[in-house]
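In what follows, a structure is listed as structure tokens, so that the remarks can point back to it.
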Amino acid sequence: MSLNSKMIKRIIRNYDLYLLLLPTLAYFIIFHYVPMYGVQIAFKNFNPLKGIVGSPWVGFDHFERFFQSYQLGTIIRNTLGISIYELLVAFPAPIILALMINQLTNERFKRFVQTVTYAPHFISTVVVVGIVYLLLSPKTGAVNSLLAAFKIEPIFFMGSADWFKTVFVFSGIWQNVGWGTIIYLAALTSVNPEYHEAAVVDGATKLQRVFHIDIPAIMPTVIIMLIMNMGHMMSVGFEKVYLMQNQLNIDASETIQTYVYKAGLVQAQYSYSSAIGLFNTIINFILLISVNQIAKSLKQTSLW
């Protein structure tokens, strides 16, 4: 029996599973693979009236223009700065929270903590930014009111370039840390309780059990999540950055995503913005491949 006939029989036998998979495949093909045809406008001087095929080729002109732009240094520095800040502070936060929740013995209090920390994830980004503006208002904000109680001058957080990255990252932690713990708590459920029982008999403290049992158990999951995070390190996210951005903090808030939006949709420089977006995607792809290979060479869990 040939390989093709075996495959056809397997598909027929499990047709119901393939039908369930079909909508997901259709989604990725229609919204992720088909639009890749338009990537070629990054190498053309795109004219909507002429279409993609009729627009003239210009090679790497748009890439050269971006690399020679006076804004290049600021944009790359801000994008990398926010990404590294999130990697160092926001990435470990759900891991730490999951380890702490896992140590709770009171089930009711445990569910309460999980619910409270999960809830902000379902709040719209627009609402989150509005809450941040209200809390950090220099006149009526709760944070500045607290600072005033300690005789500290009010700080205009949202109008300061120095505070932008900190506000962005920590508001993101508040919104997403609970949701991020789900996968780590699921990984912790696979830990054999007998390990903890044996450690208790040997006199190990809770902290020692966390370091020697829990953390090694979730380390493969942590590595996979780290690799996936590195795959979009240069993609900070447009919506929240744009909503928090103003003329006072523009020096710290102008990222690749906001720059692409302004160049592509506001100024109608479609080819130029496509070139920047393609450059950003290639960098993310290289980072993903590199980190995955490093993990593989260290005999750690990898994506492939």
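Note that the coordinates shown come from a computational prediction; the quantities given were computed from them, not determined experimentally.
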Nearest 0.5 Å please: distance from the [atom1] atom of [X] over to the [atom2] atom of [Y].
{"X": "Leu278", "Y": "Thr281", "atom1": "CG", "atom2": "OG1", "answer": "6.0 Å"}
{"X": "Met233", "Y": "Asn284", "atom1": "CE", "atom2": "CG", "answer": "9.5 Å"}
{"X": "Ser253", "Y": "Gln247", "atom1": "OG", "atom2": "CD", "answer": "8.5 Å"}
{"X": "His62", "Y": "Ser273", "atom1": "NE2", "atom2": "OG", "answer": "9.5 Å"}
{"X": "Ser83", "Y": "Leu88", "atom1": "OG", "atom2": "CG", "answer": "11.0 Å"}
{"X": "Gln269", "Y": "Ile276", "atom1": "CD", "atom2": "CD1", "answer": "8.0 Å"}

Minimal non-hydrogen separation, [X] against [Y], with atom names:
{"X": "Pro120", "Y": "Val116", "result": "CD-O, 3.2 Å"}
{"X": "Leu136", "Y": "Asn144", "result": "O-ND2, 3.3 Å"}
{"X": "Pro48", "Y": "Tyr270", "result": "CG-CE1, 4.0 Å"}
{"X": "Ala263", "Y": "Tyr272", "result": "CB-CD2, 4.0 Å"}

Do any side-chain atoms of residues 210-232 form donor-acceptor pairs under 3.5 angstrom with protein atoms, and if so which ones, sequence neighbours left out?
unit_1: Asp214; atom_1: OD1; unit_2: His196; atom_2: NE2; d: 3.0
unit_1: Asp214; atom_1: OD2; unit_2: Gln103; atom_2: NE2; d: 3.2
unit_1: Asn229; atom_1: ND2; unit_2: Met225; atom_2: O; d: 2.7

Which residue pairs pass the ring pair (Phe, Tyr, Trp, His ring centres under 6.0 Å) test with at least one member in residues 275-301, sequence neighbours excluded? Phe66-Phe279, Phe67-Phe279
I need the full list of ring pair (Phe, Tyr, Trp, His ring centres under 6.0 Å) pairs touching residues 86-111, with sequence neighbours left out, sorted by first then second residue.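 Found none.
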Name the atoms and distances for all side-chain donor-acceptor pairs under 3.5 Å in residues 69-79, with sequence neighbours left out.
unit_1: Ser69; atom_1: OG; unit_2: Gln71; atom_2: N; d: 3.2
unit_1: Asn78; atom_1: ND2; unit_2: Thr74; atom_2: O; d: 3.2
unit_1: Asn78; atom_1: ND2; unit_2: Asp251; atom_2: O; d: 3.0
unit_1: Asn78; atom_1: ND2; unit_2: Glu254; atom_2: O; d: 3.1
unit_1: Thr79; atom_1: OG1; unit_2: Ile75; atom_2: O; d: 2.8
unit_1: Thr79; atom_1: OG1; unit_2: Ile256; atom_2: N; d: 3.1

So does [Y] get a backbone contact from the side chain of [X], meaning a donor-acceptor N/O pair under 3.5 Å?
{"X": "Glu86", "Y": "Ile173", "result": "no"}
{"X": "Ser297", "Y": "Ile294", "result": "yes"}
{"X": "Asp202", "Y": "Ala204", "result": "no"}
{"X": "Lys44", "Y": "Ile52", "result": "yes"}
{"X": "Asn292", "Y": "Leu288", "result": "no"}

Take a 6.0 Å sphere around [atom1] of [X] and say whether it holds more than 12 heavy atoms from other residues, nucleotides or ligands.
{"X": "Tyr133", "atom1": "OH", "value": "yes"}
{"X": "Lys262", "atom1": "NZ", "value": "yes"}
{"X": "Leu135", "atom1": "CG", "value": "yes"}

Find out if a path of hydrophobic residues (ILVMFWY) with successive side-chain heavy-atom gaps under 4.5 Å connects Val241 to Val266.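 No: no chain of side-chain contacts under 4.5 Å links Val241 to Val266.
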Are Ile131 and Leu134 grouped together when hydrophobic residues (ILVMFWY) are joined by side-chain heavy atoms under 4.5 angstrom apart?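 No; tracing contacts between hydrophobic side chains, which count when under 4.5 Å, never links both residues.
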Got a sec, which residues hit side chain to side chain contact (heavy atoms under 4.5 Å, CB included) with Gln114, two or more places apart in sequence or on another chain?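 Gln114: side chain to side chain contact (heavy atoms under 4.5 Å, CB included) contacts with Ile101, Lys110, Arg111, Tyr118, Leu185.
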By side chain to side chain contact (heavy atoms under 4.5 Å, CB included) - contacts of Pro56 (at least two apart): Asn45
Partner set under ring-ring contact (aromatic ring centres under 6.0 Å, His included) for Tyr261, not counting sequence neighbours: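 For Tyr261, the residues satisfying ring-ring contact (aromatic ring centres under 6.0 Å, His included) (neighbours in sequence not counted) are Phe238, Tyr242.
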With sequence neighbours excluded, tell me which residues meet ring-ring contact (aromatic ring centres under 6.0 Å, His included) with Tyr15. none
Enumerate, atom names and distances included, each donor-acceptor pair closer than 3.5 Å involving a side-chain atom of residues 146-168, sequence neighbours excluded.
unit_1: Ser160; atom_1: OG; unit_2: Asp162; atom_2: N; d: 3.3
unit_1: Thr166; atom_1: OG1; unit_2: Tyr85; atom_2: OH; d: 3.2

Between Phe60 and Phe43, how do the two ring planes meet: parallel, tilted or perpendicular, split at 30° and 60°? perpendicular
Return all side-chain donor-acceptor pairs below 3.5 angstrom for residues 16-42, not counting sequence neighbours, or 'none' if the list is empty.
unit_1: Tyr27; atom_1: OH; unit_2: His32; atom_2: NE2; d: 3.4
unit_1: Gln40; atom_1: NE2; unit_2: Tyr37; atom_2: O; d: 3.0

Note, [X] side chain near [Y] side chain (heavy atom, < 4.5 Å):
{"X": "Asn249", "Y": "Asn246", "answer": "yes"}
{"X": "Val129", "Y": "Glu239", "answer": "no"}
{"X": "Phe46", "Y": "Ser274", "answer": "no"}

Yes or no on side chain to side chain contact (heavy atoms under 4.5 Å, CB included) for Ser235 and Gln257, after CA distance, side-chain angles and deciding distance? CA-CA 7 Å; Ser235 302; Gln257 286 70 40; 3.9 Å; yes
Take Gln245 and Ile250, measure what side chain to side chain contact (heavy atoms under 4.5 Å, CB included) needs, and give me the verdict at the end. CA-CA 6 Å; Gln245 189 178 87; Ile250 192 73; 3.4 Å; yes
Side-chain hydrophobic cluster, 4.5 Å single linkage: members besides Met100: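 Traced through the cluster, Met100 reaches Ile96.
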Show every side chain to side chain donor-acceptor pair (under 3.5 Å) that has at least one partner inside residues 172-191, sequence neighbours left out. His121-Asn176
